[in-house]
There are 2 protein chains.
Amino acid sequence: MNTDTAILQEELLQFLREDQVSTNETILTNHSKDESYHEGSLPDLVVFPESAEEISKIIKVADASGTPVIPFGLGSSLEGHVIAYDKGITIDFSSMNKVTEVRDKDFLVKVQPGVTRSQLNKALKKHGLFFSVDPGADATLGGMAATNASGTTSVKYGVMKDQVQDLEVVLPNGEIIHTGSLARKSSSGYDLTSLYVGSEGTLGCITELTLRVYGIPEHVMAARASFPTIDHAVEAVISMLQAGVPVARVELLDESSIRRVNQFNGTDYIEKATLFLEFHGNEAGLQEDVAFMEEIVKNHDCEVIHFEKDNAARMKLWEARHNLAYAYIHGSPGKKMMVTDVCVPISELAGAIRHGREKIAELNLESGILGHVGDGNYHALLMIDMENEEELKKAEKFNEEIVEYALARGGTCTGEHGVGKGKMKYQKREHGKALPVMEAIKASIDPKGIMNPGKLVQSERRNNQ
Amino acid sequence: MNTDTAILQEELLQFLREDQVSTNETILTNHSKDESYHEGSLPDLVVFPESAEEISKIIKVADASGTPVIPFGLGSSLEGHVIAYDKGITIDFSSMNKVTEVRDKDFLVKVQPGVTRSQLNKALKKHGLFFSVDPGADATLGGMAATNASGTTSVKYGVMKDQVQDLEVVLPNGEIIHTGSLARKSSSGYDLTSLYVGSEGTLGCITELTLRVYGIPEHVMAARASFPTIDHAVEAVISMLQAGVPVARVELLDESSIRRVNQFNGTDYIEKATLFLEFHGNEAGLQEDVAFMEEIVKNHDCEVIHFEKDNAARMKLWEARHNLAYAYIHGSPGKKMMVTDVCVPISELAGAIRHGREKIAELNLESGILGHVGDGNYHALLMIDMENEEELKKAEKFNEEIVEYALARGGTCTGEHGVGKGKMKYQKREHGKALPVMEAIKASIDPKGIMNPGKLVQSERRNNQ
């Protein structure tokens with residue numbers, strides 16, 4: 001431990017207990033990386049605060065010494081968001097994992113940032129409520145807000161940004177603010193809530209979230225629809241959206257992904273390009289929606305529609321979808337995962353996936369294509385041997401090619417995973433003259449650039465290095 | 001015309017035609033005020049640009065001389081947003097009123113800022129699409145984005161912020177940026193779109209909007225439900241929301257408002273506290289939803305439910321609702337209108353309206369209570385004799401009291417009308433330490449404070465005066 005770290009530690013121990021401040025090698029290593037192929041880097045210290053007030057004090061210490069601060073949920077991010085590239089203090093939220101208030105009449109819930117999505121849903125169930133956003137990982141809600149995460153239900157319920165009503169945030173100067181209110185809508189002041197959602201810890205540290213929740217739907221119907229090719233499946237989704245069929249979930253899995261699902265979960269789903277579908281509503285309305293969907297998928301040569309009638313089979317279906325990245329990781333031991341994440345306008349989706357498939361075929365890598373196709377967002381999943389520099393290079397080139405394709409058609413380089421370190425190189429291409437506006441906002445709120453440096457936007461701190 | 005104005009005019013005429021630059025007294029007067037009780041103030045000049053490039057040049061001229069720039073749609077705002085308190089150049093968008101692209105497959109439309117909501121819906125109809133946000137006024141979409149407007153449908157479709165996918169904005173330095181993309185979701189960069197929606201022209205000038213649109217619903221059912229008291233009506237709405245009845249519209253009108261509606265529109269609606277309701281969906285689902293609604297309103301002593309079966313009667317119902325403010329203005333010649341606009345969590349709505357009614361009864365002014373009750377947003381409408389200082393004072397005191405009541409219960413001082421000049425005094429109370437963050441953002445994007453000064457946040461320019 002160097003002198004600066006020892007001084008920092010001493011300052012932190014003025015108000016934190018010994019077990020709340022760690023320089024233990026294993027702890028540092030566990031906080032040095034995320035779930036992606038991005039190379040890790042150790043922080044100087046990991047702290048385990050228990051309140052916004054403690055985080056305020058930690059950030060004041062960091063501010064005084066110009067030390068980087070990296071908020072860390074569960075490390076399930078995919079673009080290096082939590083990696084301590086410039087060292088510094090990593091804030092672990094595992095001791096801030098309480099659902100603090102369920103306001104069932106307002107369809108709102110208050111949670112600490114370390115609560116995971118499945119933990120929240122467990123707490124909500126007895127109130128007849130659920131939280132909609134479901135990325136693959138059982139991520140923390142703080143992390144999900146920080147990256148504007150989404151998942152299988154966003155086609156109906158929206159993304160993280162649509163669910164966050166208020167945030168308590170510790171600013172880079174240690175002040176504690178609220179970005180919103182409990183009112184469902186507001187035209188008062190600039191929308192700081194939406195600014196902080198997706199800001200990836202670069203403008204402050206989220207210490208409490210007020211989230212919108214929904215009544216558990218009266219009736220739910222899930223189905224798997226298998227198609228002769230992935231093209232047929234994508235075209236079926238586009239037709240459904242055009243026709244206004246109100247799907248709650250519509251997920252695409254290619255043949256390779258279904259094979260991984262079967263291997264990992266012991267299921268026997270037909271190994272062809274498949275849509276996982278779900279509908280929510282009242283009984284009569286649902287029947288009409290499902291009949292309409294059946295008609296459309298059949299028009300697109302759907303070969304089999306299998307309805308998941310009982311609750312257990314339905315749960316299994318979505319668990320299999322959520323675990324898909326882990327199924328790939330499990331099936332390719334020793335390799336690291338790169339997941340692309342472009343999102344395009346729906347009218348460009350079929351072309352984008354066709355382009356992606358052509359390019360992926362040239363790579364000769366373990367790979368799959370899957371996506372939240374109702375949003376125009378698809379992922380190519382590539383398994384890389386990190387010892388093999390050529391593999392990494394060609395995977396990166398592929399990622400660039402599909403980003404370029406998406407941006408040329410009005411799309412975005414990241415639909416839901418965020419910028420982190422990995423997508424910074426595309427920010428100028430995507431945002432053009434809007435990027436200096438983002439940098440100006442960063443500089444105005446975090447003038448020393450201590451908050452999660454090296455992610456999302458350049459800051460003064462790193463410019464001066 | 002003073003020398004400075006003459007110089008400005010000369011500079012503007014370098015790239016604008018004579019008919020695009022006006023110092024005509026009548027034109028200046030028409031651009032000096034909005035639809036509210038706020039006192040007007042004349043700009044130096046009104047310009048009528050036809051493109052983003054022209055607006056960029058106008059703003060560069062303003063930037064060079066530190067001249068205020070005030071974007072002006074139709075002047076239907078209610079908190080003094082378009083009043084030229086510091087003089088300067090008012091930008092009128094009436095020559096930028098084209099629907100530039102309908103991307104029906106993407107459920108997106110591109111419009112210039114001067115397009116009105118009814119003009120847009122007329123253009124969308126032949127595509128089977130509609131735009132959801134419907135404030136009372138037939139406002140321009142640029143103005144609606146600038147104030148984060150909403151209306152009768154936001155309980156189902158959301159507010160303006162939920163519809164804006166991308167904005168073209170001219171920055172205070174004249175640069176032209178895009179804040180978003182055509183992709184339905186994105187986690188790339190800070191969310192400048194949400195920052196600009198609701199920023200009331202204080203961070204730049206919107207020159208094009210890309211908006212989300214919806215398929216015209218397969219089936220629509222509208223109804224009027226009359227209750228013995230306003231309390232009964234509010235409690236019925238709360239029960240409907242709790243039970244998850246998927247209303248598309250639910251508007252409250254008190255007895256006085258129904259009376260005004262009948263006078264202004266020649267209708268014969270029952271003059272009691274009433275809910276205007278609408279449901280959208282497929283035929284079978286709709287019947288089930290409406291039956292559920294009927295059951296709930298009857299449990300709350302609903303006296304009559306009248307279904308508006310044909311399209312014409314349904315259109316008349318919503319037209320009557322939209323014209324309600326004009327009905328009051330028409331019915332009180334010579335008086336000015338103050339509209340309050342608090343929004344509270346649904347669990348606090350019944351109490352808030354009860355408090356508002358008690359306070360309003362003490363005023364002895366022409367008044368009514370109405371609201372987008374599904375969002376927890378209600379308006380008290382007061383007609384004021386501006387010659388009578390006491391009337392204005394007591395109306396302002398009432399406004400303060402209900403804002404205070406809302407803020408103490410987690411609400412907001414404005415649900416949809418915006419801050420403008422009128423609600424600036426509540427910003428510190430509502431946002432606390434978040435207000436300096438807003439001011440820092442303002443200063444970083446508009447360092448000279450030329451964009452719509454004196455609205456929403458304080459800027460350097462005015463601090464130095």
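Lettering of chains follows the sequences in order, A, B, ..., and the numbering in each one begins at 1. Values reported hereafter were calculated over all heavy atoms of this structure, with side chains retained and with hydrogens, waters and symmetry mates removed.
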### Task
Examine whether an atom of B:Val159 lies under 4.5 Å from a heavy atom of chain A, and if so say whether it belongs to the side chain, the backbone or both; otherwise answer neither.
side chain
### Query
Picking from B:Gly128, B:Ser181, B:Gly158, which has the most non-hydrogen pairs under 4.5 angstrom with chain A?
B:Ser181
### Query
Who in residues 194-203 of chain A is close to chain B, using a strict under-4.5 Å heavy-atom cut-off?
A:Ser194, A:Leu195, A:Gly198, A:Ser199, A:Glu200, A:Thr202, A:Leu203
### Query
Between A:Met160, A:Lys105, A:Arg409, A:Lys185, which shows the greatest number of heavy-atom pairs under 4.5 Å with chain B?
A:Lys185
### Task
Considering non-hydrogen atoms only, spot the tightest contact between A:Thr412 and B:Ala183 and give its length.
CG2-CB, 3.7 Å
### Query
Is there any residue in residues 422-430 of chain A with a non-hydrogen atom under 4.5 Å from a non-hydrogen atom of chain B, and which ones are they?
A:Gln427, A:Glu430
### Message
Under 4.5 Å from any heavy atom of chain B, what part of A:Ile176 do you find: side chain, backbone, both or neither?
### Response
backbone
### Message
For chain B, which candidate among A:Ser150, A:Ser188, A:Ala434 shows the most heavy-atom pairs at distances under 4.5 Å?
### Response
A:Ser188
### For chain B, the option from A:Asp166, A:Val342, A:Asp375 that forms the most heavy-atom pairs under 4.5 Å
A:Asp375
#### Entry: Most contacts with chain B, counted as non-hydrogen pairs under 4.5 angstrom, among A:Ser347, A:Pro246, A:Gly411, A:Ser154
A:Ser347
### Task
Against chain A, label B:Ile441 side chain, backbone, both or neither, depending on which of its atoms sit under 4.5 Å from a heavy atom there.
both
### Query
Can you list the residues that meet the ring pair (Phe, Tyr, Trp, His ring centres under 6.0 Å) rule with A:His280, with sequence neighbours excluded?
A:Tyr157
### Option that, when pairs with chain A are counted at under 4.5 Å, heavy atom only, ranks first among B:Ser444, B:Ser186, B:Ala440
B:Ser186
### Task
For the residue pair B:Ile346 and A:Phe107, establish whether any side-chain heavy-atom pair is separated by less than 4.5 Å.
no
### Message
Would you say that A:Val457 contacts B:Tyr190 through its side chain, given a criterion of any heavy-atom pair below 4.5 Å between the two side chains?
### Response
yes
What donor-acceptor contacts under 3.5 angstrom involve side-chain atoms of residues 285-293 of chain B, with partners at least two apart or in another chain?
from	atom 1	to	atom 2	distance (Å)
B:Glu288	OE1	A:Ala284	N	3.3
B:Glu288	OE2	A:Glu283	N	3.4
B:Asp289	OD1	A:Asn282	ND2	2.8

#### Entry: Option that, when pairs with chain B are counted at under 4.5 Å, heavy atom only, ranks first among A:Glu416, A:Gln242, A:His372, A:Arg184
A:Gln242
### Task
Answer with side chain, backbone, both or neither: which region of B:Tyr214 has an atom nearer than 4.5 Å to a non-hydrogen atom of chain A?
neither
## Note on the structure
Between B:Gly189 and A:Leu456, the two heavy atoms sitting closest are CA-CD2, 3.9 Å
#### Entry: Side-chain donor-acceptor pair present, A:Ser187, B:His417, cut-off under 3.5 Å
no
### Summary
One option among A:Gly244, A:Gly215, A:Gly418 has the most heavy-atom pairs under 4.5 Å with chain B, and it is A:Gly418
### Query
If you count heavy-atom pairs under 4.5 Å between each of B:Val169, B:Asn148, B:Asp191, B:Thr179 and chain A, which one has the most?
B:Asp191
#### Entry: Choice from B:Arg103, B:Gln165, B:Lys161 maximising heavy atom contacts with chain A below 4.5 Å
B:Lys161
